[in-house]
There are 2 protein chains.
Amino acid sequence: MSTKTKVTIHDIAEKLNITASTVSRALNDNPRISDATKKAVLKTAKQLNYQPNNIAAALRHGKSYIIGVIVPTADRYFFASVVRGIEEIANNLNYKVIICQSYDNYEKEVQTIEALLNARVDGIIASIGKNTENFDHFKKVQSKGIPLVLFDRTTDELEVSQVMIDDYLGAYKTVEHLIQQGCKRIAHFTSPKKVSVFKERLRGYTDALRDYDIPYDEQLVIKGDLQLEDGREGMKKLLKLKQMPDAVFSASDYAAMGAMQVLKERDIQIPQQVALAGFSNEPFTSFTDPPLTTVDQRSIKMGNITAELFFEHFKSGEKGIVSQKTVLKPELITRKSSLRK
Amino acid sequence: MSTKTKVTIHDIAEKLNITASTVSRALNDNPRISDATKKAVLKTAKQLNYQPNNIAAALRHGKSYIIGVIVPTADRYFFASVVRGIEEIANNLNYKVIICQSYDNYEKEVQTIEALLNARVDGIIASIGKNTENFDHFKKVQSKGIPLVLFDRTTDELEVSQVMIDDYLGAYKTVEHLIQQGCKRIAHFTSPKKVSVFKERLRGYTDALRDYDIPYDEQLVIKGDLQLEDGREGMKKLLKLKQMPDAVFSASDYAAMGAMQVLKERDIQIPQQVALAGFSNEPFTSFTDPPLTTVDQRSIKMGNITAELFFEHFKSGEKGIVSQKTVLKPELITRKSSLRK
DNA sequence: TATTAAAATGCAATCGGTTGCGCAAATTAT
DNA sequence: ATAATTTGCGCAACCGATTGCATTTTAATA
C-alpha cells in the first residue's frame, strides 16, 4: 500500500486533463476556478492519496507558515504555559509553532536561531537564556527583517517588542506582604545573571524595604542559580548569620523549595520563625507543606498577548515596526508559608 | 541595515564569476571544488551576509533534516525529558527536532500528523494521546514510508517500533514493596483509557496481589483521569468504604498527590495508616511531605533509545523495516510515603 | 611535445507548487 | 445582434538550491 511515487498536482492535472495551475488554484479555493472543477480536483486528490508539499509552496512564496518559539526549557510550567498560549493564537491563524529549547545554553541558542533562519520560519518568539549576554544573533534576525518578539526574559539591548510581567511590582507586593505579616528581616534569593527579571525583582525587594523603613542588609541578599540546591545552600548560609532572617523571598520557586527543605530538616517553623515566598507559581508550590506563597506570572495570558503582538508586527510588514513593550500585572498568591496570623 | 533583497548562491556566483553549481558545491565542501574557490565562496558568502535556504534544499533532495516529535504535553517532566533525550541524539546527527503537543486531544493529534506530513518531516516520533482509539493517522504515516517510532504510550494495533518501560514490572515491584511494608488492603488508581501503560500497571497490581495471596477487591480499583483532582475524589471515595485501605498505589504521581492532600486534611497518618505510591517520578514527588514513593521511567534514556531506534530505521530505508520493541526496566524509588518501619 | 588522465567548473534539468498575464468562451449590457 | 464584461483556465516563469553529465583546464605520463 506504500505510495512509491509521490503524487503531485501534476498527476492530478494529468488525470483530469487540466493544468497544474488549475489544480493548484482549485486546491486553494481560488474564486477564478469553477465549482465543478474544484470538486473534481478534490475528489481526484483524495482518490490519488495526494499529500500537499508545503516545502514547495513555502519556497515559492517565501512563507512557511511556521513560527519558531525558543524557550530555555519546556519542562517548566511557566514556559510550557506560555507556549500553550502562543499556540492557541497561532493555530487559529493557521500557523504552526515549532518549539526549540536552548537549555539556557548560549551556543545552543545561537545555533537554534541559525537553524530557524535556515528553515525560513516566518518569525521568532523567544525568551532569552540565562547566560546570554551577547545579542548579535537576535540582531541578525532583525536585520533580516524577520519579526521577533521576546517574552519574560527580555533585554533592553535590543530594540524589540516584548511582553513581560511587572516583576518589580510582583516582588514589591510580595515583600510588602511579608512585612505586613510582621517580618522585619527579609532575605532575598536572586541571580547574578544579566537577566532583567531578576534585577527587577531585586529592585522591588529593595524598594519595598525602603518604603517600610527596613534597613537593607547586604548579607541577606544571596546570589545563585536559583535551583533547588542553590536554595538549600542559600538557606544554610542565612542560618549561620548572627541574626537569622525571619523571612525569605526567593526569585524562584525552586530555590524557595530548597529553603523550605532545610528549614524543615532543622525543625524551624514556617512561617512562624521564617516565612517563605517564591516566584512563578509552579504547580508544585501548592503541593508543598506548607503550601508556598508565590507570584503568578499570568503565563497563558502572556502567551496569548505575545502571539497577538507578534502577528500585529507580522501584518504591518516592514513598516510600522515600532517596538512595543507590554507589561502584565502579576498576581500575588498568598499561602500558608507566609501567613502568620 | 535590513537586507531587502535576499542573497542567494547566484549572487555569490555572480560576484565571483562562477556558476551557482560551483557555489553550491563549495558550500557543501564537495571534494571536486578547489580549496581556493571554496575559500573565496565562503568569504563572499560571509561578506554578502548569505543565509542558506533550507527550504530550497529540502525541496530538491526530498529531505528536510527535521523530525517531528509528538507528545501529549511538554510540561510534564517525563515527556520533557524524553524529548531532551531525543534531541541529544538527533542534534548530533544534524537533525532538528520539532516538538508538537497533542494535549491528549485526538483531533489535534490527527491535525498535527497531517501538518508534519505536509511539512515533509523526515520522520515522526510520537507518544499517543490518552483519548486516541483510532490509529489511521499513524497508519497513513507508515503507508507513506515515513519512519515512525512510538514511545511510552504505544499500541499493539500498529506494526511499529516502540520503546517503553516495563510498566507491569514497575507496578508489580511497587505493590510488592507495599506488601512488604505490611500493607494488606491496597487500592489502585488507574485509567479507563485504552492506553497500554495503564493496563499494564493494573496487571502488575493484580498479579502482585495474587502472588502474595491478597484478595482482589474491585472496590479498591478507582478509575479516573489520574489528575490531581481525580486523586482527591478517589481517595474520598476510598475513605467512605466500610473498610479503609491501608495503601494506595496510583498510576500517576498527580493523583497520588491528590490522595495525599485528602489524607493530610483528615489527619490520617502517612504511611502508618495509609501508605502511598505514585508513578513517573515527577520532580515534585521529592518535594511533598512526606516525599512520595514512585517509579522512575528512565526518561532521558528512553529518549536516547527511541531516537537511536528511529535513526536505525531511517538508515535501513525501505527494507528491513522489522518493527522492534524495546522495553526498559523501571526503577522503584522508595520514599517516606510508603516506608513504615 | 603530444597524449591521457585527473581535477575543476559549467550547463541545464529538477524538486512541486504558485502566480502574473493572456486568451477564449460564456454572460451581460447596449 | 454587437460590444463590453466576466469567467475559467492555460502558459510559462519562478522560488533557491542540487546534481548528473558535459566541458574545460591543469597536471601527469609517454
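Lettering follows sequence order; numbering is per chain, from 1.
Between dG10(C) and T19(B), a contact under 4.0 Å exists linking OP1 or OP2 to a side-chain N or O.
Comment: D156(B) engages K325(B) in a salt bridge, judged by a side-chain N to carboxylate O separation of less than 4.0 angstrom. Salt bridge annotation for R153(B)-D104(B): present, with a cationic side-chain nitrogen under 4.0 angstrom from a carboxylate oxygen. Salt bridge status for K140(A) with E114(A): present, with a side-chain N to carboxylate O gap under 4.0 Å.
The CD atom of Q51(A) sits 13 Å away from the P atom of dG16(C) (whole-angstrom rounding). Note: CG (D122(B)) to P (dC15(C)) measures 18 Å, nearest angstrom. Taking atom CD1 of I9(B) as the reference point, atom P of dC11(C) lies 14 Å away to the nearest angstrom. Across the protein-nucleic acid pair, N17(B) atom CG and dG10(C) atom P stand 9 Å apart, rounded to whole Å.
Of the residues in residues 26-35 of chain A, those lying under 4.0 Å from DNA chain D by heavy-atom distance are P31(A), R32(A), I33(A), S34(A).
At a threshold of 4.0 angstrom between heavy atoms, the contacts of S24(A) include nucleobase atoms, whether or not backbone atoms are also involved.
In terms of position along DNA chain C, the nucleotide closest to K38(B) lies nearer the 5' end than the nucleotide closest to the other residue of the pair K38(B) and R25(A). For the pair L59(A) and V23(A), nearest-nucleotide mapping onto DNA chain D gives the more 5' position to V23(A).
Shortest non-hydrogen contact noted between D122(B) and F310(B) is O-CZ, 4.3 Å.
Listed for the N28(B) side chain is a donor-acceptor partner under 3.5 Å among the backbone atoms of S24(B).
Summary of helix geometry: the two end axes of the helix from dT1(C)-dA30(D) to dT30(C)-dA1(D), each defined by five base pairs via their C1' atoms, are inclined to each other by 40° (rounded to 10°).
First and last contacts of DNA chain D with chain A, using any nucleotide atom under 4.0 Å from a protein heavy atom and ordered 5' to 3', fall at dT7(D) to dG16(D).
Under the 30°/60° scheme for interplanar angles, the aromatic rings of Y95(A) and Y65(A) are found to be tilted.
The nucleotide whose nearest atom lies closest to any side-chain atom of S21(A) is, among dG10(C), dT19(C), dG17(C), dT19(C).
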